[in-house]
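Reminder, nothing fancy here: chain letters follow the sequence lines and each chain counts from 1.
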Number of protein chains: 2
Amino acid sequence: MKKTNYKPNKDHEYLARLQAYYAEHRVIPSYAHLMEILGFASKSAIKKVLERLEAAGMLERTPYGDWAPTDLFFERAIANHPVPAGTPVPVSDEPCEKVMLDRFLIEKPSQTVLVRVKGDSMINAGIHHGDLAVVERCCHANPGDLVVAIVDDEFTLKTLGRDQEGFHLIPANPHYPIIRPQGKLEIFGVVVGLVRKYP
Amino acid sequence: MKKTNYKPNKDHEYLARLQAYYAEHRVIPSYAHLMEILGFASKSAIKKVLERLEAAGMLERTPYGDWAPTDLFFERAIANHPVPAGTPVPVSDEPCEKVMLDRFLIEKPSQTVLVRVKGDSMINAGIHHGDLAVVERCCHANPGDLVVAIVDDEFTLKTLGRDQEGFHLIPANPHYPIIRPQGKLEIFGVVVGLVRKYP
DNA sequence: TATGATAGAGAACGAATGTTCTTTAGTCAA
DNA sequence: TTGACTAAAGAACATTCGTTCTCTATCATA
């Protein structure tokens, strides 16, 4: 009977401690330090643990050979999105330590900017006045993309459209007109995310 | 004339590259590897760069001495009104507001959880299927609050309402009915934020 | 009870790491 | 030109790193 090396009971705890350390310091420590953190007395044990976590998809190695967390590593924090079905009250799981919305939303930090949404011209796309748009300042956009354009020296968030007359900006609100640029259409960036804060 | 060692021009680029690498691998590499990434030919140069970034508040050291990013490291600029008027390719920034999304959205980390939104019952409130709701698991909610309730062992995101018949859950979609709990209404938490990722 | 597999300890070792020091090259002001 | 300052290169070095190997204790299964 062949089975995986991943021992849920123990390794879950090791993973939890690693996640806790990473949540605090945003770094994966060396084997020697992990001995303290995980409570081992030998580096070889650490290596085996990390390799099991790697096999479980929680860790990977960078091109330089360093250990790095994978998306799976963050899944618990990001979404208890496997909605607990059975449990009525004791849904209370551990709080997401320090979540990683930044990492989740921003893939290219140096090219990413936040833009405050003004007006309700995109309300049917679920984009409200005051929302923060996560904008990636990339070279060019494709029709259908949500883009931030510069019109009359103002940011405008619209859907980029194209027809025989050329590029244009499509609002998501019947009370607003399609914008057809008189000159060239200046695209500031592509919207890759949206953030809203209540109240 | 005493001034800071932090050279904006160059160090900004080094920081950007470090951020890009970290965004991809979630790890800060060793000096030797940073030589490749930042384009240096000596480790001592790397050390000085990192120390300048530390002085600028972008990096810190863990208790074990490893380099680690700080909150500042993850901050993004909000390009609000500042519409680059003259500049055709509005490059970069003037003193502008900066935000770390985690901090911005999550004020009480230990009580905050992310819940994936299912269905389109709140579509008129700009909350779509697949969005992430930032939920604060506080004691009790007030009428008018966006809440996550537990109905039939499932999370449900609705507006909390109250009339003479008691508390109930109001969708933001005319095709869905108001939910009036048969027993007690179980509130999981209050929605304090929303996150969406495109595409 | 015997067996095989596994988790972990422990030691050894070459390679890689971070630090420190010295040297070189470039910049700016007087 | 000179002199002060600084970024970066380069070398030297003790420390630490990750790997590999052997050995022990534990445990489930046959």
Any side-chain donor near an acceptor of the partner, B/D120 and B/Y176, under 3.5 Å
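Side-chain D/A pair, B/D120 to B/Y176: present.
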Mind running ring-ring contact (aromatic ring centres under 6.0 Å, His included) on B/Y31 and B/F40 for me, showing each step along the way?
CA-CA 10 Å; B/Y31 287 15; B/F40 284 90; over 10 Å; no
At a cut-off of 3.5 Å, list every protein nitrogen or oxygen paired with a nitrogen or oxygen from nucleotides 11-17 of chain D, distance to 0.1 Å.
unit_1, atom_1, unit_2, atom_2, d
D/dC17, OP1, A/S30, OG, 2.8

Distance check needed: [N] [atom2] versus [X] [atom1], whole Å only.
X: B/I46; N: C/dA16; atom1: CD1; atom2: P; result: 17 Å
X: B/E51; N: C/dG18; atom1: CD; atom2: P; result: 12 Å
X: A/K10; N: C/dT6; atom1: NZ; atom2: C1'; result: 12 Å
X: B/R61; N: C/dT19; atom1: CZ; atom2: C1'; result: 10 Å
X: B/L34; N: C/dA16; atom1: CG; atom2: P; result: 16 Å
X: B/E36; N: C/dT17; atom1: CD; atom2: P; result: 11 Å
X: A/L50; N: C/dA7; atom1: CG; atom2: C1'; result: 14 Å

Determine which pairs satisfy salt bridge (charged side-chain N to carboxylate O under 4.0 Å, His left out) with at least one residue from residues 30-45 of chain A, sequence neighbours left out, and list them in order.
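Listed once each, the pairs would be none.
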Based on the rotation axes of five pairs at each end, what angle does the helix from C/dT1-D/dA30 to C/dA30-D/dT1 bend through, to 10°?
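One end axis against the other gives 40°.
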Nucleotide nearest B/K47 when distance is taken to its side chain, options D/dA9, D/dT19, C/dT19
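Among D/dA9, D/dT19, C/dT19, the one nearest the side chain of B/K47 is C/dT19.
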Of the nucleotides C/dG10, D/dA8, D/dG10, which one has an atom closest to the side chain of A/A41?
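In terms of side-chain proximity for A/A41, the closest of C/dG10, D/dA8, D/dG10 is C/dG10.
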Residue pairs passing the side chain to side chain donor-acceptor pair (under 3.5 Å) test where at least one lies in residues 122-135 of chain A, sequence neighbours excluded:
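The answer is A/D131-A/R196.
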Yes or no on salt bridge (Lys or Arg N to Asp or Glu O under 4.0 Å) for A/D102 and B/R103, after CA distance, side-chain angles and deciding distance?
CA-CA 9 Å; A/D102 296 274; B/R103 292 269 172 290; over 6 Å; no
Going by the rule side-chain contact (heavy atoms from CB on, under 4.5 Å), which residues pair with A/E107 if we only count those two or more places apart in sequence or in a different chain?
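Only B/K197 meet the side-chain contact (heavy atoms from CB on, under 4.5 Å) criterion with A/E107.
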One thing to verify: whether A/D71 and B/R26 come together as a salt bridge, which I'm taking to mean a side-chain N less than 4.0 angstrom from a carboxylate O.
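Result for this pair is yes, salt bridge flagged.
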Those residues that, when tested against B/F73, pass ring-ring contact (aromatic ring centres under 6.0 Å, His included) (two or more places apart)
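So B/F73 forms a ring-ring contact (aromatic ring centres under 6.0 Å, His included) with B/Y22.
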To check you understand the geometry: which heavy-atom pair defines the closest contact between A/L185 and A/A149, and what is its length?
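Of all heavy-atom pairs spanning A/L185 and A/A149, the closest is CD1-CB, 4.3 Å.
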Quick check on D/dA9: is either OP1 or OP2 less than 4.0 Å from any side-chain nitrogen or oxygen of B/K48?
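Indeed not, no polar side-chain atom of B/K48 lies that close.
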